[in-house]
Amino acid sequence: MTTERISPPVRAGERETLRSYLDFHRATLAMKTDGLSDEDLRRRSSPPSTLSLLGLVRHMAEVERTWFRRVIAGEDIPLVWSAEGDYQVAYDATTATREEAFDAWQTEVAHARRIEREAASLDVTGYQPRWGEHVSLRLVMLHLIHEYARHNGHADFLREAIDGTVGP
């Protein structure tokens with residue numbers, strides 16, 4: 001599997017820029033997993049950390065679901081891997097497979113794209129109960145760009161420790 005990653009435009013409107021950067025970072029995470037087996041993806045390759053590439057994919061499925069479906073769309077749904085709301089469960093990929101993790105992640109990304117596309121503007125708000133605040137779609141998109149960028153840095157180290165692959 002080879003992931004296509006499109007560079008964000010250098011001149012575009014705010015919404016297109018945010019959308020493009022978010023998709024760029026989504027593609028970056030997928031690229032970091034290209035060509036690896038389920039066993040490699042589950043590997044905790046930077047001890048003592050228990051983080052794995054598959055755990056990151058599962059975590060980002062939860063992040064997409066929470067911020068777009070639960071916060072912006074107001075859907076009353078549980079997390080993907082924890083009905084009790086424990087975000088840490090997603091990181092445990094010891095029995096996970098690429099197929100189940102990527103199916104969940106891609107499903108949540110598709111929902112997120114639909115919700116963003118259907119929103120009248122970046123000023124649309126949703127309630128974030130952990131913060132006790134209403135937040136804008138703009139903030140959500142910026143937050144996810146930040147979240148992906150941070151975790152893509154982790155993915156760089158995890159991938160390099162697995163097979164030496166480095167790069168953008």
- Message: If the condition is side-chain contact (heavy atoms from CB on, under 4.5 Å), which residues does A96 pass it with, not counting sequence neighbours?
- Response: L54, R58, A93, E100
- Message: With a 4.5 Å cut-off on side-chain heavy atoms, are R15 and L137 touching?
- Response: yes
- Query: Do Y91 and V89 share a hydrophobic cluster (ILVMFWY, side-chain heavy atoms under 4.5 Å, transitive)?
  - Reply: no
- Task: Find out whether R113 and F68 are in side-chain contact, i.e. whether some heavy atom of one side chain is under 4.5 Å from a heavy atom of the other.
- Result: no
- Message: Do V63 and L139 sit in one hydrophobic cluster, given that two such residues count as connected whenever their side-chain heavy atoms are within less than 4.5 Å of each other, even indirectly?
- Response: yes
- Message: Would the distance check show the side chain of R159 and the main-chain N or O of L53 forming a donor-acceptor pair, the cut-off being under 3.5 Å?
- Response: no
- Message: Return the CD to CG distance between E147 and L142, rounded to the nearest 0.5 Å.
- Response: 13.0 Å
- Task: Under the side chain to side chain donor-acceptor pair (under 3.5 Å) rule, collect the residues that match up with R42, sequence neighbours excluded.
- Result: none
- Item | Test side chain to side chain donor-acceptor pair (under 3.5 Å) applied to S37 - qualifying residues, sequence neighbours left out | D40
- Query: Which ILVMFWY residues are connected to L79, directly or by a chain of links, through side-chain heavy atoms under 4.5 Å apart?
  - Reply: Y87
- Query: Should I6 and M141 be counted in the same cluster of Ile, Leu, Val, Met, Phe, Trp and Tyr side chains packed under 4.5 Å apart?
  - Reply: no
- Message: Any side-chain to backbone donor/acceptor pair from T33 onto A30? Under 3.5 Å, distance only.
- Response: yes
- Note on the structure: Members sharing Y127's hydrophobic cluster, built from side-chain contacts under 4.5 Å between Ile, Leu, Val, Met, Phe, Trp and Tyr, are none
- Start with the C-alpha distance between R65 and H111, add both sets of side-chain angles, then the distance that settles side-chain contact (heavy atoms from CB on, under 4.5 Å), and finish with yes or no. CA-CA 8 Å; R65 182 181 188 97; H111 282 295; over 6 Å; no
- Task: Would you please name every residue forming a ring pair (Phe, Tyr, Trp, His ring centres under 6.0 Å) with H154, sequence neighbours left out?
- Result: H151
- Task: Under the side chain to side chain donor-acceptor pair (under 3.5 Å) rule, collect the residues that match up with S121, sequence neighbours excluded.
- Result: none
- Would a 4.5 Å heavy-atom cut-off, applied to side chains only, mark L29 and Y148 as touching? yes
- Selection residues 73-90 - residue pairs positive for salt bridge (charged side-chain N to carboxylate O under 4.0 Å, His left out), sequence neighbours left out: R69-E75
- Sequence-distant partners of R11, side-chain contact (heavy atoms from CB on, under 4.5 Å), two or more places apart: none
- Message: Run the side-chain contact (heavy atoms from CB on, under 4.5 Å) test on L158 and S46 for me, step by step, so that the C-alpha distance in whole Å, both residues' side-chain angles and the decisive distance to 0.1 Å come before the verdict.
- Response: CA-CA 6 Å; L158 292 167; S46 293; 4.0 Å; yes
- Message: Once side chain to side chain donor-acceptor pair (under 3.5 Å) is applied, do any residues pair with E62, and if so which ones, sequence neighbours excluded?
- Response: none
- Who else is in I77's hydrophobic cluster (ILVMFWY, side-chain heavy atoms under 4.5 Å, direct or via others)? none
- Quick one: sort the H146 and H143 rings into parallel, tilted or perpendicular, breaks at 30° and 60°. tilted
- Query: Which pairs pass ring pair (Phe, Tyr, Trp, His ring centres under 6.0 Å) with one or both residues in residues 31-51, sequence neighbours excluded?
  - Reply: none
- Item | Closest non-hydrogen atom pair, R98 against G35 | NH2-N, 4.3 Å
- Query: Quick one: does W81's side chain get under 4.5 Å of D92's, heavy atoms only?
  - Reply: no
